[in-house]
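Before any comments, here is the structure.
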There are 2 protein chains.
Amino acid sequence: MKPRDEHKIEQIFQATLVLVKEKGLAGITMSEIASAAKIATGTLYIYFESKEKLINDLFTRCRKTSAETYFKGYHTEQPFKDGLKIVWLNLFDFRIEHFEEAVFMDQCYHSPYITESTKELTKKLIQPLYKLVERGMEEKLLKKMDAFMLLIFIFSGLNEFVKHSFYSERKISKSSKEELFNLMWDGIKASS
Amino acid sequence: MKPRDEHKIEQIFQATLVLVKEKGLAGITMSEIASAAKIATGTLYIYFESKEKLINDLFTRCRKTSAETYFKGYHTEQPFKDGLKIVWLNLFDFRIEHFEEAVFMDQCYHSPYITESTKELTKKLIQPLYKLVERGMEEKLLKKMDAFMLLIFIFSGLNEFVKHSFYSERKISKSSKEELFNLMWDGIKASS
DNA sequence: TCCATAAATGAATAATTATTCATTTATTTG
DNA sequence: CAAATAAATGAATAATTATTCATTTATGGA
């Protein structure tokens with residue numbers, strides 16, 4: 001018996017991500033995905049029973065990958081600001097290296113492919129980030145305010161900065177990350 | 001001769017925006033749009049020669065509407081911070097009141113419907129915002145730095161805040177706008 | 001009031017695209 | 001090395017959806 005080529009799943013995922021970045025969820029067809037992944041259309045259906053399943057599985061994988069990355073290198077023993085910066089830079093770098101995934105997930109969020117329960121799960125993944133923000137407030141290092149707003153403020157800048165840098169084909173330098181972090185930090189830090 | 005009901009265009013646009021918010025660009029069909037707009041499928045084609053034309057026209061209209069709103073009430077005679085706040089709040093309120101349009105435009109950006117030249121035009125619309133940011137730096141009220149980054153930082157928070165508030169079905173209070181503006185301002189103001 | 005004209009309709013058609021399937025190919029194992 | 005099995009293929013089919021069109025309806029002007 002011929003075994004499955006598990007590497008094909010990755011090929012299919014990559015092809016889908018690239019196509020969605022280029023033409024959006026609305027613009028992709030199963031045969032295009034197949035040909036971009038260098039396989040036959042029928043083969044696609046050996047690995048994914050339907051288009052909906054393919055999109056959902058890819059969405060789930062993207063979500064997991066990004067969540068695993070956030071807290072790499074973060075420990076609660078670190079001073080708060082250092083820890084925050086590590087997480088913040090993790091997210092920044094992840095956005096850069098996985099730009100297609102961010103575009104894909106954004107598009108999925110308003111789409112007929114993703115089920116409500118899949119969306120619900122996504123919300124849970126930001127729980128650890130809430131904890132982080134709350135720690136900062138408890139240590140009186142951050143302004144005392146609504147955690148939801150603070151959380152969004154902390155990460156919104158990097159999201160949009162990466163997005164618009166890609167659109168305008170700008171390089172993102174190491175120093176620009178520092179600068180943006182400082183902008184954000186000056187906003188959130190407790191006034192002394 | 002029976003005249004055209006120009007009000008129908010608005011019905012069609014509204015129906016499209018609502019549907020795209022609910023199911024995304026990938027999920028809408030011409031017959032769905034027609035029935036949501038309470039007209040026959042064929043009638044749609046009296047007003048728009050194709051789906052692509054409909055999407056493009058709506059995109060163009062959304063872009064214009066939003067650009068017209070930004071600077072309402074802003075005058076260069078105002079102190080910089082007051083002027084910035086007016087523009088910033090205009091954008092914030094626009095995002096709230098026209099949430100569907102923001103979702104629609106986001107989705108269009110990665111789609112086969114919008115042409116490159118349409119995208120190019122969009123970039124030009126932020127020129128006045130650049131001017132505003134540069135004014136702030138010249139008056140030494142803002143940190144001296146890359147205008148592109150500063151611009152994105154200023155407006156990213158409100159964008160994401162409105163988006164996530166809608167997703168989580170949170171009300172946005174008057175005071176939360178003030179708070180978010182202050183977060184942002186503390187980030188960008190020149191350190192004294 | 002009636003005619004001319006274009007809008008409005010929605011079923012029919014054309015195009016597109018998801019999915020299936022008969023056939024071929026590759027791999028494992030006995 | 002041959003049989004057994006499942007992957008791989010891509011043309012054929014089924015579904016879906018954009019678009020058209022013959023017919024009906026509504027409106028302004030003669």
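Not measured: the values here are computed from a predicted model. The chains referred to below are lettered A, B, ... by the order of the sequence lines, with proteins before strands, and numbering in each begins at 1.
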Any side-chain donor near an acceptor of the partner, S66(B) and T69(B), under 3.5 Å: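 No pair is found: no donor N or O on one side chain lies under 3.5 Å from an acceptor on the other.
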What nucleotide among [options] has an atom nearest to a side-chain atom of [X]?
X      : options                   : value
I46(A) : dT9(C), dA18(D), dT9(D)   : dT9(D)
I39(B) : dT19(C), dA7(D), dT9(C)   : dT9(C)
K51(A) : dT19(D), dA18(C), dA7(D)  : dA18(C)
K2(B)  : dT27(D), dT27(C), dG10(C) : dT27(D)
M30(B) : dT19(C), dA8(C), dA18(D)  : dA18(D)

Below 4.0 Å: OP1/OP2 of dT9(C) and any side-chain N or O of Y45(B):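 No.
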Phosphate OP1/OP2 of dA7(C) contacted by K8(B) side-chain N/O (<4.0 Å):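 The answer is no; no side-chain N or O of K8(B) sits under 4.0 Å from OP1 or OP2.
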Geometric cation-pi criterion K119(A) and Y109(A), 6.0 Å radius, 45° cone: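 Judged by the rule, K119(A) and Y109(A) form a cation-pi pair.
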Qualifying residue, where the test is ring pair (Phe, Tyr, Trp, His ring centres under 6.0 Å) with F13(B) and the options are Y47(B), F104(B), F48(B):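 With F13(B) as partner, ring pair (Phe, Tyr, Trp, His ring centres under 6.0 Å) holds for just one option, F48(B).
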5' priority, DNA chain C, between P3(B) and T41(B) [closest heavy atom]: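 Nearest nucleotide further toward 5': that of P3(B).
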Whole angstrom value for the distance that separates P of dA18(D) from CD of E32(B):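 Value for this atom pair: 9 Å.
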